[in-house]
There are 2 protein chains.
Amino acid sequence: MKLGQATIKDIARELNVSSSTVSRALKDYPGISDETKRKVKELAEKLNYRPNAVALSLRKSKSFTIGVIIPEVVHFFFSTVISGIEEVAYANGYNVILCQTNEKLQRELSSIDTMLANQIDGLLVSYSKETEEFSHFSKLMAQNFPIVFFDRVPEIENTVNVTVNDYQGAYDATKHLISQGYTSIAHLAGPKNLTISKKRMDGYQAALRDHGLEINPDWILPCPMGTQEESMKITEQLFEEGGDFPNGFFASNDIAAAGAMMALKKLGYKVPKQVGVVGFSNWQFCSMIDPPLSTVAQPGFKMGEKATQLLLEMIDNKDRSYDATKTLVLETELLIRKSSVK
Amino acid sequence: MKLGQATIKDIARELNVSSSTVSRALKDYPGISDETKRKVKELAEKLNYRPNAVALSLRKSKSFTIGVIIPEVVHFFFSTVISGIEEVAYANGYNVILCQTNEKLQRELSSIDTMLANQIDGLLVSYSKETEEFSHFSKLMAQNFPIVFFDRVPEIENTVNVTVNDYQGAYDATKHLISQGYTSIAHLAGPKNLTISKKRMDGYQAALRDHGLEINPDWILPCPMGTQEESMKITEQLFEEGGDFPNGFFASNDIAAAGAMMALKKLGYKVPKQVGVVGFSNWQFCSMIDPPLSTVAQPGFKMGEKATQLLLEMIDNKDRSYDATKTLVLETELLIRKSSVK
DNA sequence: TTGTACGCGTTATCAA
DNA sequence: TTGATAACGCGTACAA
């Protein structure tokens, strides 16, 4: 720590008053003479005094710090969410301490441990792909510790969540492909244990059913990694197998969609003329690639803001209780670009 | 804070020993009977005891927390750096508290204030575009407070920095365009007060000079915002003006390069046949757009790692001193894709 | 082998 | 109007 950091005691000593007087003077408490106040504040200014937030945390059992658990920072959607979190936290005088799990459960567990040791006032969580069991969260909730889940929401009881309407987003995207005349639509699906993957899958299937199209299990293609390479390979394999080909792709994320488009190009298929493609998330590159990728935009920044607002409310509300699942669902927006318009 | 959080005192009371005994037992200090150790550890486990890091910070005047000041999280390069920072910090038992300035000086100043109040052990900084004066940093350095600057490095004395070789990267990119037969090369330049912008400009100009090409001031195009829209507009304007046109673009960032490419497409010019384009940073989308964008890759993750390693060394080294500027320069890599190959 | 006492920086309480 | 004291949770020098 810096040597030069002045404390209340330093001011008190120099002014020959007690530290309580200094403390009160600095906070404009009643019952301190204007003269003393003036002197104290002057010296504080001169010594560049800053209250020690660590001591305050200890004293008040409150750290004004919230923890954020996120799979990875280098991910357009998540970094957008972080940005929203940061804004609201900052505006309310809270610090944000960040841990990325890299999709590892072990990392999630130990991150939570250190954060708790640091007396965070609450936790914002989007859990890892490896997380299939949630007792490390429910234990905390049983102690009334404030947690808000965002995007990736666990299937346990009485949680507070913020998600987007993944079902509707997927439904809209698939319906759009159908309305454009694509009749046989494949789905590049996300990791199975994530609720968002299930919801997107459900929306996709519901749209097919509602429009009298049958669901072909061979065209449900799991892309657990969600990388470009993976979906390229999967798409190529699909076409190599022979038999019927899909003429539309709805991907549960943009990267997979881009990978499919690249594979299609390589295979000599024209997008959107022969095959239509829609992604999910609206990464920045969507409008830059050729053809520009239609996609379902998720309000990441807003999600970060809302989740943080909810968390801060829970923190302020000492008599909070987890008595029911409360989920705030943000609507998606289908952005139609060229990749899906015949 | 959670009510259920057990302290050393709780353990001591329950076991009828003093809290110092508990403290020592937990840390396997010599001179504690095995019996006592066992009992203490058992109960600690049972009560789910976690040392209170806040109390430790206060006691030791060390928080095991480092602060990170960054312009924005939603930026491929910076999020990559954060990821590197997080990894090294985590591996060494440090927490990362994050503030984004949104390119605002005011935000930078107040973020530093709160971080200092929270007793961070050191600071990693990439300053805002508005920052043109660095006394808020030099004051801290005068108190021997550990700071490492990364990417955006201030022009003040005796700093510790990690950058990439922006000059060489720009030189390589420009040289490559020349070697591909592009003879009149424009530069989409970054904000003037950033050293990285200057270095990239210098590299660009040096390459031109070294190959006997003249520098045309009309073709140095400032893109202070660095957005796609901005560079599209600038590129279109350039071609509307009439007169000679450049047949090559070296942009100081990928987004600007992508904007230029889109403008060129719109104007009916073929990339790379008629015009070559090279960007800077290697955003994810570079390989996805059409044609794929050649670019200068920056080792962002490595930069985060190295900067954090340096910072932790400074923190450990109590008798540190800022007696000279130390800059670690990481090399860039020119990635040649289709956008610049005739 | 264990306990006592103090201090890290701050503030709330009680007393003067 | 101000001061003395205790407490937040922990570690440690000193005493026993």
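- For the pair B/Leu47 CG and D/dG9 P, the interatomic distance rounds to 14 Å; values are reported in whole Å.
- The side chain of B/Ser18 sits closest to C/dG3 out of C/dG9, D/dG9, C/dG3.
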Would you sort out whether B/Asp151 and B/Phe78 count as a side chain to side chain contact (heavy atoms under 4.5 Å, CB included), showing the intermediate values? CA-CA 9 Å; B/Asp151 192 51; B/Phe78 285 126; 4.0 Å; yes
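- Remark: C1' of D/dC10 and CD1 of B/Ile11 are 12 Å apart, rounded to the nearest angstrom.
- B/Arg13 places its CZ atom 12 Å from the P atom of D/dC10, with the value rounded to the nearest Å.
- Heavy atoms of other residues, nucleotides or ligands lying less than 6.0 angstrom from CD of B/Glu42 number more than 12.
- A salt bridge links A/Arg107 and B/Glu86; the closest N-O separation between the charged side-chain nitrogens and carboxylate oxygens is under 4.0 Å.
- Contact annotation for B/Val54: no contact, since no heavy-atom pair falls under 4.0 Å across all strands.
- Results of the salt bridge (Lys or Arg N to Asp or Glu O under 4.0 Å) test with B/Arg152 over B/Glu132, B/Glu103, B/Glu108 single out B/Glu103 as the only residue that passes.
- A heavy atom closer than 4.0 Å to some atom of DNA chain D occurs in no member of residues 31-39 of chain B.
- The residue among B/Thr21 and B/Leu58 whose nearest nucleotide of DNA chain C lies closer to the 5′ end is B/Thr21.
- Contact annotation for A/Lys9: base contact, defined as any heavy-atom pair under 4.0 Å involving a base atom.
- Geometric assessment of A/Lys62 against the ring of A/Phe64 yields a positive cation-pi assignment under the 6.0 Å and 45° thresholds.
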Heavy-atom contacts, protein to nucleotides 11-16 of chain D, under 4.0 Å, summarised as B (base), S (sugar-phosphate only) or - (none) per nt, yield BBB---
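- No side-chain donor-acceptor contact under 3.5 Å links B/Ser23 to the backbone of B/Ser19.
- Results of the side-chain hydrogen bond (donor to acceptor under 3.5 Å, both in side chains) test with A/Asn118 over B/Thr65, B/Asn95, B/Asn52 single out B/Asn95 as the only residue that passes.
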